[in-house]
Amino acid sequence: MKNIIRNLKKYWYFVILILALLIVQAYCDLSLPDYTSKLIDVGISNSGIEHVVPEYLAESGYMEVQLFMTEEEKKDWQDAYSYDEGNGYYRLNSLEAEEWESLDAEFSNVIAIVYMMTSQQDSELEGVDMTSMDFSHMDPSAMDPSQMSPEQLEQLQKVQETLADMGVDIQSETLMLDIRKVFEEKLASLGDSIIANMAKYFAKDQYTLCGIDLEKMQKDYLWKTGGKMLAMALVMALVAILAGFFSSRTAAGVGRDLRSKVFQKVIGFSNAELDRFSTSSLITRSTNDVQQIQMVTVILLRIVLYAPILAIGGIINIRNYNSGMNWIIVLAVALVACLIAFLIIVAMPKFKIMQTLVDHVNLVAREILTGIPVIRAFGREKKEEERFDEANQSLTKVMLFTNRTMAFMMPALMLIMNGVSALIIWVASNKIDQGVIEVGAMTAFITYAMIIIMGFLMLTVISIMLPRAAAAADRIQEVLDTEITITDKQDAVTSVSQDATVRFDHVNFKYPDGEENALTDIDFTAKPGKTTAIIGSTGCGKSTLVKLIPRFFDVTDGSISVGGTDIRDLSLETLRSKIGYVPQKAILFSGDIRSNIAYGAPDATMQDIEEAAAIAQATEFIEEKEDTYNSAISQGGTNVSGGQKQRLSIARAIARHPKVYIFDDSFSALDFKTDTKLRAALSEKTKDSTVIIVAQRVSTILNADQIIVLEDGKMIGKGTHKELVANCEEYKQIAQSQLSEAEFLASIQ
């Protein structure tokens with residue numbers, strides 16, 4: 001995981017920007033359920049009335065509520081309203097949300113009590129017309145029967161009887177407060193939702209008495225709230241698009257950087273490091289592994305950052321509802337956590353295995369594709385199909401297991417989500433009946449619960465994908481952390497010496513994973529203007545020896561010097577700029593003939609290119625092509641023959657004008673006539689350079705100034721052809737086995 005996060009350090013500013021965008025998106029996302037709740041509970045159920053304290057009050061309503069207040073409440077009530085003489089009703093002085101909500105909290109109970117009494121909501125007041133009473137007459141000091149009409153006297157008698165049955169002393173000086181206490185005891189058995197709705201019904205009656213159009217008020221509220229929801233949705237969509245854009249851009253940058261780092265690292269590898277990682281593995285790490293990291297980076301930035309914000313915000317919003325159902329969320333989160341833990345334990349080991357199996361499939365496929373001619377020649381198509389099928393089946397089994405695990409995850413999560421929804425509805429229905437919450441609050445609670453579960457669902461998805469990406473990141477980091485053994489010293493020599501003498505001073509060499517020396521005590525000097533040939537049986541170390549000169553490997557013991565300077569003291573660029581190397585296997589690059597010859601000398605003129613081609617005896621077949629030097633070369637040089645490929649490789653080394661020529665068995669595909677012409681032309685070109693030739697055929701090195709004979713990595717002979725025939729039995733046997741008797745005798749004359 002740390003290797004994935006490490007890749008984001010370069011893009012920290014994008015990460016901060018994405019985080020800010022996700023916070024905005026989460027705010028909008030978490031606001032929508034609350035607005036939905038308000039649409040239902042306020043806009044639909046209560047005609048758009050948000051507060052229990054009305055904005056407008058009729059005179060009768062203003063006085064009725066005031067009758068049941070304490071002196072302190074009366075003062076707050078009178079301070080809150082002003083009489084509008086023009087319209088004949090009272091108007092709330094301040095519409096500030098905080099002040100209004102404070103008034104709601106202070107007066108909701110007393111307003112609900114007035115509504116119960118005036119609308120005959122209490123069964124004990126049934127049959128008593130409280131609305132026709134002047135409640136000021138309930139003050140004992142003001143009750144004068146002589147001043148009442150017969151109807152009022154009759155009504156007063158009913159009220160007195162009813163209040164007496166309720167336990168209220170009608171002779172008390174605090175009669176109204178006593179009545180209030182009785183009704184507050186009744187309200188205590190009701191839920192906050194019912195009390196608020198009763199108070200809002202009172203407000204609705206007052207608005208009607210004041211001539212306010214309730215239908216218009218409701219429509220205005222619905223349009224206003226719906227407009228806010230639409231604006232939130234549009235902002236959320238815009239922010240989500242921007243967050244997705246920057247996440248994709250960041251992930252693409254991470255992928256680009258990783259591919260570049262891996263490529264630059266591999267380019268600097270010596271043969272020792274290249275042998276440690278197979279070609280197919282390096283290709284997989286540069287493509288499939290990077291793609292896994294790139295994909296997970298997007299998910300990290302879009303989901304892993306967003307999910308906790310969403311889940312925490314949902315939990316905070318749910319707490320604001322005081323519904324008493326928070327335990328359902330805890331239960332749902334616990335179930336999802338158990339599911340995630342199960343999936344991680346089961347799936348994580350398989351994802352680590354999967355990347356190795358992808359490597360193996362790539363290895364088998366690459367071997368089969370590159371070896372098709374040999375496979376067909378030996379009729380091994382069926383066997384290779386079986387080999388590929390075996391590798392493919394192993395990968396398929398692991399992938400099927402992980403896919404089935406993920407397939408199990410989705411229905412399990414859906415079961416949890418739907419089960420939680422059903423549980424919330426069942427519990428909430430009882431609470432709605434008790435007046436604890438309203439329908440809109442239940443809807444919002446369900447939505448928030450789904451948001452919280454979806455947050456954990458997002459984390460579940462990443463928990464499935466992260467192990468594979470983490471394994472891929474570790475594999476890439478393994479390449480990047482590999483120490484390159486062939487590097488420049490801090491004080492490496494960068495000046496190019498004109499001396500091209502190559503000196504092997506008692507060199508020993510052992511491969512990094514080898515137990516025995518591949519070369520032992522190699523000691524000779526190759527001088528400018530001279531040709532040094534190396535010959536020996538297959539596997540004796542000829543190619544290994546010449547690969548030490550350009551530092552494809554470093555010697556184990558002893559030293560190699562070029563121009564009198566130890567090659568380990570030279571910078572790699574300086575050393576290799578002096579060498580023209582033609583490998584045993586001719587390699588061409590896609591492009592054209594001209595670009596391939598000028599590969600090692602980008603500044604070479606056309607004259608240099610034509611000269612190099614002429615020396616390499618490549619002019620004839622090049623001129624035969626329609627586009628001559630502009631003729632296309634396919635990938636790997638598959639559209640030219642083996643001999644043509646070798647000649648172009650030789651021309652590439654010649655065009656560089658090096659001080660040291662190394663030909664690693666580079667004439668094996670040439671016929672004798674072409675070989676002879678090429679060597680004659682080459683001898684003139686290289687008369688001031690050191691030439692080292694690895695050869696299998698004695699006929700090609702008869703005229704070499706110095707021949708080194710190798711056997712099992714050791715020098716068993718050194719000298720000219722005649723000297724070796726006389727002094728080295730092994731060389732003599734090689735010469736006699738390759739030359740006719742007449743040729744052999746002629747060569748030693």
Inspect the surroundings of [atom1] in [X] and state if more than 12 heavy atoms from other residues, nucleotides or ligands are less than 6.0 Å away.
X      : atom1 : result
Gln291 : CD    : no
Arg249 : CZ    : no
Phe14  : CZ    : yes
Lys74  : NZ    : yes

Please examine the side chains of [Y] and [X], heavy atoms only from C-beta on, and report whether any two atoms are closer than 4.5 Å.
X      : Y      : value
Trp77  : Leu57  : yes
Tyr115 : Lys200 : no
Tyr62  : Gln206 : no
Val53  : Trp100 : yes

Determine whether the side chains of Asp29 and Tyr306 contain a donor N or O and an acceptor N or O closer than 3.5 Å.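 There is such a pair (donor and acceptor under 3.5 Å, judged by atom type) between the side chains of Asp29 and Tyr306.
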May I ask you to check whether Gln78 and Gln66 show a side-chain donor-acceptor distance below 3.5 Å?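 There is such a pair between these side chains.
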Lys75 with Glu71: basic N within carboxylate O range, under 4.0 Å: no
Using 4.0 Å as the upper bound for N to carboxylate O, is an ion pair formed by Asp220 and Lys224?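 Here Lys224 does not pair with Asp220 in a salt bridge, since their nearest N and O are not under 4.0 Å apart.
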Can you say whether the rings of Tyr81 and Tyr90 are parallel (under 30°), tilted (30 to 60°) or perpendicular (over 60°)?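 Tyr81 and Tyr90: perpendicular rings.
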Heavy atoms only: give me the nearest Val65-Phe202 pair and the separation to one decimal.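 What the structure gives for the nearest pair is CG2-CZ, 3.5 Å.
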Taking all atoms of both residues into account, what is the closest heavy-atom pair of Met450 and Ser421, and its distance? CE-OG, 3.3 Å
